[in-house]
Number of protein chains: 2
Amino acid sequence: MGIDMPPTEITMTSTDTNTGLRRTRQRAAVGAAMGRSSEFHTAQEVHAALRDSGDSIGLATVYRTLTQMAEAGEIDCIRTPDGQAAYRRCSSGHHHHLICRGCGRAVEISPPSFEAWANQIATENGFTQIDHELELFGRCAACS
Amino acid sequence: MGIDMPPTEITMTSTDTNTGLRRTRQRAAVGAAMGRSSEFHTAQEVHAALRDSGDSIGLATVYRTLTQMAEAGEIDCIRTPDGQAAYRRCSSGHHHHLICRGCGRAVEISPPSFEAWANQIATENGFTQIDHELELFGRCAACS
DNA sequence: CTGTACCTGATAATCGTTATCATGAAGATG
DNA sequence: CATCTTCATGATAACGATTATCAGGTACAG
């Protein structure tokens, strides 16, 4: 059965990123695709892009892989205004975005002392395991 | 009621909130339901609540009405982590929430000077019509 | 009161996402 | 290198939230 890694020690040998997942061609392809762009992309877009560039991969696998990468903290996940999940590779550190409703262009922003503020508010209210979502949506100059 | 003055001229007579929509029993019921609670609720929840309390109303109408109310600025709309749309009546002024992933309890928070900061960032990047989404998700004391 | 344009709601259609499950491949072991 | 166990894959079905359809009802201006 499972043996999905004992809690304490780690015996990994060649699995990719200490996540206990096997290294496969498909996972590598998704990782490469995400690393290639700095914009937000939905699972469907990533799937289409991979198919177009010749990589054979199933849609379910793309969904699974993106979800796993997001859980592992390798990529960011946000919800677009219409409810779709969009992923983007993490640059260094934590950050947020200013996204154009017209063309989807995203600018990375870093609220000074925002993290600290968020944690303080959470603690004051007895909340733990805080995860924050801060996204600014607007229209960029090009989209009037 | 709102009466936030239509841009120029309006010929409305008895339509409710200057939105050009007719005053109907269903719309009133949704409005009343939203005013009754200060928590976030999905369209499905609002529909079930109305049905349970004896009001006959169609699901499609609830969706339509909530969407319209949100567009009119009468209620706030956020996306839950799993992509569902959740609505909540606007209390005074703009605000944000600290939401428990376990029980859904929401605490209203007001980042000092956050609005100003958001607008500044937007302007610096040439963005207009800014709409921001700031939600903190965590686990409250009761949910460990 | 009357007419008409808008609203309603049961239902079908969409669409993103997840579950299923037989088959294939990764990686540990002999 | 051979083999074996287990996890990963992917075609497809299932799912759930939301939206479109459209016949019939109703608000409200005249």
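To find a chain, count down the sequence lines: A is the first, B the second, and so on, and within it residues start at 1. Only this structure's heavy atoms are used, side chains among them; waters, hydrogens and symmetry mates stay out.
- Checked by atom type, the side-chain pair A:E45/A:Y87 shows no donor-acceptor distance below 3.5 Å.
- Considering only side-chain N and O atoms, B:R25 lies under 4.0 angstrom from the phosphate OP1 or OP2 of C:dG9.
- Checked against side chain to side chain contact (heavy atoms under 4.5 Å, CB included), B:E124 has the following partners two or more places apart in sequence or in another chain: B:Q120, B:I121.
- Here B:T24 reaches the OP1 or OP2 of C:dT8: one of its side-chain N or O atoms lies under 4.0 Å away.
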Output one letter per nucleotide in nucleotides 13-20 of chain C: B when a protein non-hydrogen atom lies under 4.0 Å from the base, S when only the sugar-phosphate is that close, - when neither is. ---SBBB-

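- Contact annotation: the side chain of B:S38 approaches that of B:R88 to within less than 4.5 Å [non-hydrogen atoms, C-beta and beyond].
- For A:R22 against D:dC7, a side-chain-to-base donor-acceptor contact under 3.5 Å is present.
- In terms of phosphate contacts, B:Q26 brings no side-chain nitrogen or oxygen within less than 4.0 Å of OP1 or OP2 of C:dC7.
- The side-chain heavy atoms of A:R89 and A:E74, taken from C-beta on, include no pair separated by under 4.5 Å.
- Taking 4.5 Å as the limit, every side-chain heavy atom of A:Q84 sits out of range of all side-chain heavy atoms of A:F40.
- Between the side chains of A:T61 and A:R64, at least one donor N or O lies within less than 3.5 Å of an accepting N or O.
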Taking Watson-Crick (N1-N3 plus N6-O4 or O6-N4) and G-U wobble (N1-O2, O6-N3), each under 3.5 Å, can you produce the dot-bracket string of DNA chain C? Use [ ] for crossing pairs and | for inter-strand ones. ||||||||||||||||||||||||||||||

